[in-house]
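For reference, the structure discussed in these notes is given below.
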Amino acid sequence: MSQRKILQVFEEYQKARSQFVMTICELADRPQNVEILQSAGAMALLRPLLLDTVPNVQQQAALALSRLAGHNDDLAEAVVKGDILPQLVYSLSEQNRKYKKVAAQVLYAVAKHSPHLAQSVVDCGALDALVICLEEFDPEVKEAAARALDAVSRHNAELAQAVIDAGAVPLLVLCLQEPEIRLKVVAALTLSQISKHSLELAQAVVDAGAIAHLAQMILNPSPKLKQNVFSALSQIAKHNVDLAEMVVEAEVFPSVLRCLKDNDVCVRKNAATLIREIAKHTPELSQIIVNSGGVAAIVDYISDNKGGSRLPGIMALGYIGAHSESLAMAVIVSKGVVTLAIVLAEETDQPILAATAWALGHIGRHTPEHSKAVALANVFPRLLLCYSRNDATEDLQSKAKKALKELLQKCIHLPALEPLLHDAPPNILKHVIGQFSKVLPHDSKARRVFVTSGGLKKVQEIDAEPGSQLAEYINTINNCFPDEIVKYYSPGYPDVLLERVDQYQPS
């Protein structure tokens, strides 16, 4: 056999291997093919090709593995059990940049599924190799490495700490400063994932100088980058006052308010979330938001959006209004209460209704003036409806009840209370009666209206336990009226009068 024919055998073998891995790559990209590929033993056949002498075959084999492992945790587990990870980690430090990129993609595809699989990636020594890849010249290798680190750190604090211990954070901050948008996007996301777990982890991100670089990108044209920037700043700011103040000191206001009207819904929502995480800490931070025109911007945001996107804005108003009378009044003046009342009427999602009830309670609980502003927005009947609905979750019921209680205890605007006399259940009615007992002894006009509107009659119909607080409230109200008026509206009294008419003998 001639030399040419012998070499032709090897060439055909190489072509067959190349054709095989390319075909598997294409098939693995379609979810409907995955189970068939798994049953046919694709993973076992791909593994030796990671060591192939032809670089393109190696890369295609790694790419096929990343696609397969990305589909479900069973296939990712097969990568771990097949001892493929150590080979990939070795390749990250030894192979060319194209192979490093696909090797990092396999690590991402495995780690993203669960803490257990992410721990397997850590245990095989991948973090050190991935961190070295962050120093590569090629931005695509950096991006793939950062994405794999994101997949590890997202699961829990221990895994995120492992990423920090490997020295990733300073290099991720450097990635924020690179010109490639895709790299910035992934770096911001990974810093967000690390920061979310605990104060200590967020502090490590802050100590690396991340806040200033993140804040500079708030108005970047890329929607995806803005989403992740706001997410990262929110995850930092949420932990304590000091970190929230550092975010504010990076001059995120008023730029963040402009993003509440961004075309991208996720940018808007994440911007609102950042405002919420800052507002919750102190009156001073909330005052900064108010001074920058933040309340009006949040109110517009709630009006312009629907569903779950409204939630961070609703909670931001609740936090701002909770801190002090003046901040709550700023929310009221900016039509925050009216907007929240509309949300109560429009939305059906119970978590949104619960958050809205919570926010209204915080805004109106300060003084009678605050409570009146809430009452005038026709909030009481809607809160009562939330509390009384048959399918109400425990969270909605408890928040609606607490809000009603807080608002009623400050409300002396009797026209808003009168409908509740007829509709409220006993545990809410107690607070309504209590407010009437405070106002009626000092207001003659209110006493007259209370009689003519049927309020006094309704009070006489209440069966209060002797010696209870409710009974005391009723006695206080009854003492505001002549005995004959109270008797007249007492249950059964008309029958007594009719009986006396029957028994009466004219002279």
Side-chain angles (χ1 to χ4, degrees), residues 59 63 66 91-93 95-109 111-112 121 126-154 160 162-196 201-236 246-247 250-252 255-256 259 262 264 266-267 270-271 274:
Q59 293 160 25
L63 182 58
S66 74
S91 301
L92 282 173
S93 58
Q95 292 284 1
N96 62 48
R97 59 187 178 85
K98 289 184 179 179
Y99 191 86
K100 288 178 180 180
K101 176 184 171 183
V102 291
Q105 288 174 349
V106 179
L107 295 172
Y108 164 78
K112 72 176 185 178
V121 170
L127 295 186
D128 291 336
L130 289 168
V131 169
I132 291 171
C133 287
L134 290 177
E135 299 182 86
E136 281 279 336
F137 177 76
D138 189 328
E140 291 188 359
V141 175
K142 290 180 181 178
E143 180 191 338
R147 198 174 293 281
L149 292 170
D150 153 47
V152 172
S153 59
R154 70 174 64 168
V163 171
I164 290 175
D165 293 342
V169 171
L171 294 170
L172 288 167
V173 174
L174 285 174
C175 289
L176 292 176
Q177 301 166 60
E178 296 286 349
E180 292 80 14
I181 293 297
R182 285 167 59 98
L183 180 55
K184 290 176 186 282
V185 168
V186 179
L189 175 61
T190 308
L191 291 170
S192 175
Q193 300 286 16
I194 293 169
S195 300
K196 73 181 181 182
L201 296 174
Q203 189 67 57
V205 172
V206 172
D207 291 343
I211 289 178
H213 296 292
L214 289 165
Q216 288 171 5
M217 295 185 288
I218 283 177
L219 296 179
N220 189 286
S222 166
K224 195 69 180 175
L225 179 56
K226 285 187 284 190
Q227 288 174 30
N228 292 349
V229 164
F230 284 128
S231 175
L233 291 172
S234 300
Q235 299 295 1
I236 291 168
M246 291 181 73
V247 171
E251 299 182 355
V252 296
S255 298
V256 64
C259 293
D262 195 274
D264 186 274
C266 290
V267 172
N270 288 4
L274 174 58

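The structure displayed is predicted, hence computed values, not measured ones.
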Who passes side chain to side chain contact (heavy atoms under 4.5 Å, CB included) against Asp264, sequence neighbours left out?
Pro223, Gln227, Asp262, Cys266, Val267
Just so I know, are the side chains of [X] and [Y] near enough to count as touching, which here means a heavy-atom distance under 4.5 Å?
{"X": "Leu189", "Y": "Val186", "value": "no"}
{"X": "Lys226", "Y": "Met217", "value": "no"}
{"X": "Asn270", "Y": "Ser234", "value": "no"}
{"X": "Gln177", "Y": "Lys184", "value": "no"}
{"X": "Leu214", "Y": "Ile236", "value": "yes"}
{"X": "Leu171", "Y": "Val131", "value": "yes"}
{"X": "Leu127", "Y": "Asp165", "value": "no"}

Atom of [X], atom of [Y] and distance for their closest heavy-atom approach:
{"X": "Val141", "Y": "Arg97", "value": "CG2-O, 3.4 Å"}
{"X": "Asp128", "Y": "Ala166", "value": "OD1-CB, 3.9 Å"}
{"X": "Leu233", "Y": "Ile218", "value": "CD1-CD1, 4.2 Å"}
{"X": "Ala187", "Y": "Leu172", "value": "CB-O, 3.6 Å"}
{"X": "Ala202", "Y": "Ser195", "value": "CB-O, 3.7 Å"}
{"X": "Ala188", "Y": "Ala232", "value": "O-CB, 3.8 Å"}

Audit row: Val205, Ile164, side chain to side chain contact (heavy atoms under 4.5 Å, CB included) steps and yes/no:
CA-CA 9 Å; Val205 172; Ile164 290 175; 5.5 Å; no
In terms of heavy-atom contacts, does CD of Glu251 have more than 12 from other residues, nucleotides or ligands at under 6.0 Å?
no
How far does [atom1] of [X] sit from [atom2] of [Y], to the nearest 0.5 angstrom?
{"X": "Ser255", "Y": "Gln216", "atom1": "OG", "atom2": "CD", "value": "11.5 Å"}
{"X": "Ser192", "Y": "Gln235", "atom1": "OG", "atom2": "CD", "value": "4.5 Å"}
{"X": "Lys142", "Y": "Glu135", "atom1": "NZ", "atom2": "CD", "value": "9.0 Å"}
{"X": "Leu183", "Y": "Arg147", "atom1": "CG", "atom2": "CZ", "value": "10.0 Å"}
{"X": "Asn228", "Y": "Thr190", "atom1": "CG", "atom2": "OG1", "value": "8.5 Å"}
{"X": "Tyr108", "Y": "Leu149", "atom1": "OH", "atom2": "CG", "value": "12.5 Å"}

Assess the residue pair Cys259 and Leu219 against the criterion (side chain to side chain contact (heavy atoms under 4.5 Å, CB included)); give the C-alpha distance rounded to whole Å, side-chain angles, the decisive distance to 0.1 Å, and a yes or no.
CA-CA 8 Å; Cys259 293; Leu219 296 179; 4.0 Å; yes
The test is side chain to side chain contact (heavy atoms under 4.5 Å, CB included); show your working for Val247 and Leu274 and say whether it passes.
CA-CA 10 Å; Val247 171; Leu274 174 58; 4.2 Å; yes
After noting the C-alpha distance and the side-chain angles of Glu140 and Lys98, does the key distance pass the side chain to side chain contact (heavy atoms under 4.5 Å, CB included) rule?
CA-CA 9 Å; Glu140 291 188 359; Lys98 289 184 179 179; over 6 Å; no
If the threshold is 4.0 Å, N to carboxylate O, is there a salt bridge linking Glu136 and Lys100?
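Looking at Lys100 together with Glu136, the answer is yes, because their closest N to O distance falls below 4.0 Å.
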